[in-house]
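If you're wondering where the values come from, they're calculated on a predicted model, not measured in any experiment.
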Amino acid sequence: FEFCKNCVPALQYKFCAACGQKNGPLYQSLRELVNEIGGEISNLDGRIVNSLRYLFSSPGFLAKEYFEGRRVAWLSPTRLYLAISVLYFAVIAFTGGIDSDVQLSINESTDEEALAEFQRMGFANTVEFLEAVDEAKATWMPRVMFILIPIFAALVYAAQRKSNLQYPQHFIFSIHVQTAWFGAFILSGLLEYWIENGLVDVLIVGLSYVYALVYLALALQRVYGENPGRGVIQSLLIGGIYGTATMVAVSLIIVPIVI
């Protein structure tokens, strides 16, 4: 008998039944090493490409595959979320902003009065204040967005309380939806940065939000069997409440800077 080098039990097949490690020589030749590396990269690339393709083009498909137990061919929901969210916030750092830009207005104030107001808050000028806001958002928004996923899942759970799925399944569904939303906002952020046209920027942002709501409606239809009308209504309600929660979270990040 051959024995697994990782956990000792006797091997009957190419892979260990206990730990899953592949049976192979203890010291690999160069050819075996190259073949292993090539196989790992090829397998990972295929899973990444297929996962991203179905994530963005077939709302709810990956969640349904996950619920039905077909998981090996796809990246896990958590890995997908972490990879896309890291890319999203990297794009935000590169382009220099987050969707909810701070708008400043001081009624009936001259430039001198405005400057005095910022200095009272501890900032040398407007630019320094905006830099502090952007830094705070860049630091806290990734954490806030992750914390908001359970809230999003709770909203889906409330909307789909008659389904046979439990809260953990709604949580997985929510991770896939938010990952797709991040992807849409990555594209819109890059387009805004490259085009730099006020009217076009508004159109791009608007289209990204429309995509997000349509995506959620289609995902609800695929995973939960909702009819199109109810899917749209639920998408608007869930998206509206979630959007409000996001704005509140952004405000909580900014307010300590102003006070």
| said: By the definition ring pair (Phe, Tyr, Trp, His ring centres under 6.0 Å), identify the one residue from Tyr81, Phe146, Tyr215, Phe56 that meets it with Phe182. | reply: Tyr81

| query | For Leu80 and Thr179, which heavy atoms make the closest approach, and how far apart are they? | reply | O-CG2, 3.6 Å

| query | What orientation do Trp181 and Phe152 show, parallel under 30°, tilted 30 to 60°, or perpendicular over 60°? | reply | perpendicular

| said: The test is side-chain hydrogen bond (donor to acceptor under 3.5 Å, both in side chains); show your working for Gln169 and Tyr157 and say whether it passes. | reply: CA-CA 9 Å; Gln169 286 74 54; Tyr157 185 38; over 6 Å; no

| Closest contact, heavy atoms only, Glu226 versus Gln221 | O-CG, 3.0 Å

| For the student: nearest non-hydrogen atoms of His176 and Leu62, plus distance | NE2-CB, 3.6 Å

| query | How long is the gap from OH on Tyr242 to CE on Met247, to the nearest 0.5 Å? | reply | 12.0 Å

| task | Search all heavy atoms of Thr246 against all heavy atoms of Leu148 and return the closest pair with its distance. | result | OG1-CD1, 3.7 Å

| query | With ring centroids as reference points, do Tyr54 and Trp74 lie under 6.0 angstrom apart? | reply | yes

| field | Minimum heavy-atom distance between Val223 and Lys64, given as atom pair plus value | value | CG2-N, 4.4 Å

| Is the count of non-hydrogen atoms from other residues, nucleotides or ligands lying under 6.0 Å from Asn164 atom CG greater than 12? | no

| query | Looking at Ser51 and Leu75, what are the two nearest heavy atoms and their distance? | reply | OG-N, 2.9 Å

